[in-house]
There are 2 protein chains.
Amino acid sequence: MGFGNVSERRNAPPQIGVSVVILALGPRSHDVRDTSASHCQLWLPLVRRVRQPFLGCWALPGGDLRADRSLEQSAYMALESTTSLHPRYLEQLYTFGDPARSHGGLPMVSIVYWALVEQREAVDAEDDDNVRWFPEDDLPPLAFDHRDIIDYALARLRSKIEYSDVATRLLGPTFTLRQLHGVYEAIAGQSLDLANFRRKMLASGDLEDTGRKVREGRQRPAAVYRYVPSDTLGIASPWQGNASTYSRQDMIESADSQIDHEAEHATTHADDALSPLIPAAHG
Amino acid sequence: MGFGNVSERRNAPPQIGVSVVILALGPRSHDVRDTSASHCQLWLPLVRRVRQPFLGCWALPGGDLRADRSLEQSAYMALESTTSLHPRYLEQLYTFGDPARSHGGLPMVSIVYWALVEQREAVDAEDDDNVRWFPEDDLPPLAFDHRDIIDYALARLRSKIEYSDVATRLLGPTFTLRQLHGVYEAIAGQSLDLANFRRKMLASGDLEDTGRKVREGRQRPAAVYRYVPSDTLGIASPWQGNASTYSRQDMIESADSQIDHEAEHATTHADDALSPLIPAAHG
DNA sequence: TCAAAAGTGTTACCAATACACCCATGG
DNA sequence: CCATGGGTGTATTGGTAACACTTTTGA
C-alpha cells in the first residue's frame, strides 16, 4: 500500500485514536437574568483520564480505531461506550496530529468527530465520577489540546447552523418555532428577531407543519413543525458510498450531503528528506 | 494514551498515510470554441502506482506519516517529494478510513490535504513516466476512492472561493482583475458578469492597487492588484498554535483562519461492543 | 478609426432588518 | 379584560444581477 520507502521507514507512524465532541442543549448556567431571550445553552460531557499524561484531568471521550470499522463507526463506538449516548448527528471535525500536542505522551493522531444529541437524551444521562456534563462557557482545564478542539467544534456548529439542519438535531424530531429560535440564539450567542426568524425558516421550505399544536406555558398553543429537507441535493460525499455497512434499526438518520464551510489554516514547510526515485502512491 | 482496553485490543489499528490533491491552472483541454469567457481550467498531477493493488494505476501523490512531523509537514513532504512543487496553499481536506476503500490491500487511513500551486510552477513541472498532469474534466481511472476524493476537493475549492482568497493562490502574488475573473469562472464553471465581478472584488476591500499596469494583448493596460487581507480576523484555529515549528525561507505564507464550509455527512451505527467500565480518554 | 479590452453608471429586484401591529388563549 | 406568547404587515435598506455605456490603447 505504498509503504516501504527507505526514508519513510526511518520513523514509525504515530498512534491513532478517535475523539468526539458531544453537544447537547441544557439550562443556562449563569442565569443572571439573561438579557438575551434564549433560555438554553450548550453543554458537553467530558470524561476523566485514567492515565498519564494529564491523569485525572477532564478530556474528550475517545477510543481506538479498529481496522475493520469505518471512522464513523469508531467514533460512534467511542461515543457510546463512554457516555451511553446515541447521537442524532455525527460528522468528522478535523484530524489533529501535531507532535507537540501529546505533551510527553507518545505522538498521537486524533481523528475528531463532533456529535449532537437530543436534549431529552442528555438530561437522562446522569453524571458519574468519570463522566460529567459541563456548560460550554464554563469548562474545566482540559487535557492536551482538547480545549482548542472544543472551541473549533463550537465554531463549526455556529457556522453550520446557518445553512443546514443541525439546529433540529439538538431538538427532537418535532419542535415549535420558538424552540428552534431558542436553539439558534443559544448557538449564535445573540438575540434574533423572532418575527424575521419565523419568516426565514418558513420561507426556506424545509419545515413542514405537522398540524399538531402544543402549549408551552398557558398561552396560545404553537404549531409543531418537522424538518423535511428540500431535495436540493448537493454534491455527493465521497465517503457516503462506502460507509453504513453496519446499520441498525436505531441508526441515526442520514443527512443530505452539502458542501460548506471549513476552516482555512496555514501550513508549514517540511525540512529536507530523501526523495524517492519513484513517487509513492498509497490508497 | 488511552490504548489498552480489552475490547479495543482485539483489533490492530489500520495503517496511516497522507495524500494530497494538488490543483493548478492550465489551458483548456476541450477548446471547442468555449462558450464561456474563461480560458483556463484546473489541472492536477497524478502519480503512477508501483504496487498492488491498482499497480500501474494513476493515484494521488502520497506518503507516510512521521511521528515527529505535523500532518501539514507530512503532507508538504509527500507533495514535494513526489512532484517537486511548492504549494501556495495547503489545507486539510478530510480523513478517509473506511475498510472497504483498500480494495484488497491492508486497511488504510488516509489523511488527505489539498493544495494550490501557482500557474507558473505548474507549467515548469514537466511530466515524466510516473507523474503526469491531467485536466480536471478528463481524469483517467484512478486507484482506490481517489476519484471521489478529487471531486470532493474540487467541491471544497468551489465553495471556498466565495469567501476566501484561494483564487489568488492559483495566480501569482499580483494579478489583474481580468485574470482573477478568469480563475473564478474556471472554478465556478460558468461565466460571471465582469462589471459586477470587478465592483464586488474592489468593494471587498481585500484588493490593493499596486499602481502598476500590464497589457495582456495590445489593448488598454489593466491595473495590477495585490491581495491584502482585511484584518477581520476569524476565530483562531486550534492547530495554528502548535504547527509551524519547521519553517523555512520559502515557507508558504500563512492565511488568516476563518470558519467556513464543510461537508455534512451521514453517520452509521456501530454494532455491539464490550463497554469498558471506565471511559477511555486519549490525547 | 476600429477593435478589443478597461472601466463606470443606472436600474430593478430580492432578501434581510426593524418594529408596529393583530390574534388566540387561560386565568 | 389582561398578560403572554403566537403570528402577520410593512417600510427601509443594502447587496446583487443585468446591461448600457464611456474610455483607453495599439494597430
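First the proteins, then the strands, lettered A, B, ... as listed; each starts at 1. Heavy-atom basis, side chains included; hydrogens, waters and symmetry copies ignored. In this text the structure is predicted, and so the values were computed from the model without any measurement.
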**Request:** Please figure out whether K200(A) or A195(B) has its closest DNA chain C nucleotide nearer the 5' end.
**Result:** A195(B)
Short heteroatom pairs, N/O only, protein and nucleotides 1-5 of chain D, under 3.5 Å:
| residue | atom | partner | partner atom | Å |
| --- | --- | --- | --- | --- |
| dG5(D) | O3' | R178(A) | NE | 3.4 |

**Request:** Tell me, with the steps shown, if W114(B) and Y152(B) meet ring-ring contact (aromatic ring centres under 6.0 Å, His included).
**Result:** CA-CA 10 Å; W114(B) 64 293; Y152(B) 183 45; 9.6 Å; no
**Message:** Measuring to OP1 and OP2 of dT25(D), would you say a side-chain N or O of R218(B) lies under 4.0 angstrom away?
**Reply:** no
Over how many whole Å does the gap from [X] atom [atom1] to [N] atom [atom2] extend?
X: E216(A); N: dG26(C); atom1: CD; atom2: C1'; value: 16 Å
X: R198(B); N: dT16(D); atom1: CZ; atom2: P; value: 16 Å
X: F197(B); N: dA5(C); atom1: CZ; atom2: C1'; value: 16 Å
X: K213(B); N: dT25(D); atom1: NZ; atom2: C1'; value: 12 Å
X: D209(B); N: dG7(C); atom1: CG; atom2: C1'; value: 12 Å
X: D193(B); N: dG7(C); atom1: CG; atom2: P; value: 15 Å
X: R215(B); N: dA5(C); atom1: CZ; atom2: C1'; value: 12 Å
X: E162(B); N: dT16(D); atom1: CD; atom2: P; value: 11 Å

**Y225(B) ring center within less than 6.0 Å of Y227(B) ring center** = no
**Complete:** Between P221(B) and L177(A), the residue closer to the 5' end of DNA chain D by nearest nucleotide is L177(A)
**Item:** E185(A) and Q190(A), any side-chain heavy atoms less than 4.5 Å apart
**Value:** no
**Asked** With side chains defined as the heavy atoms from C-beta onward, is the minimum distance between L170(B) and V117(B) less than 4.5 Å?
**Response** no
**Message:** Please determine whether a side-chain nitrogen of the Lys or Arg among E91(A) and K160(A) lies less than 4.0 Å from a carboxylate oxygen of the Asp or Glu.
**Reply:** yes
**Message:** With a 4.0 Å cut-off on N to O distance, would you call R156(B) and E162(B) a salt bridge?
**Reply:** no
**Message:** Taking donor-acceptor contacts at under 3.5 Å, does the side chain of R199(A) reach the base of dG7(D)?
**Reply:** no
**Heavy-atom closest contact (G182(B) atom, C40(B) atom, distance)** = O-SG, 3.9 Å
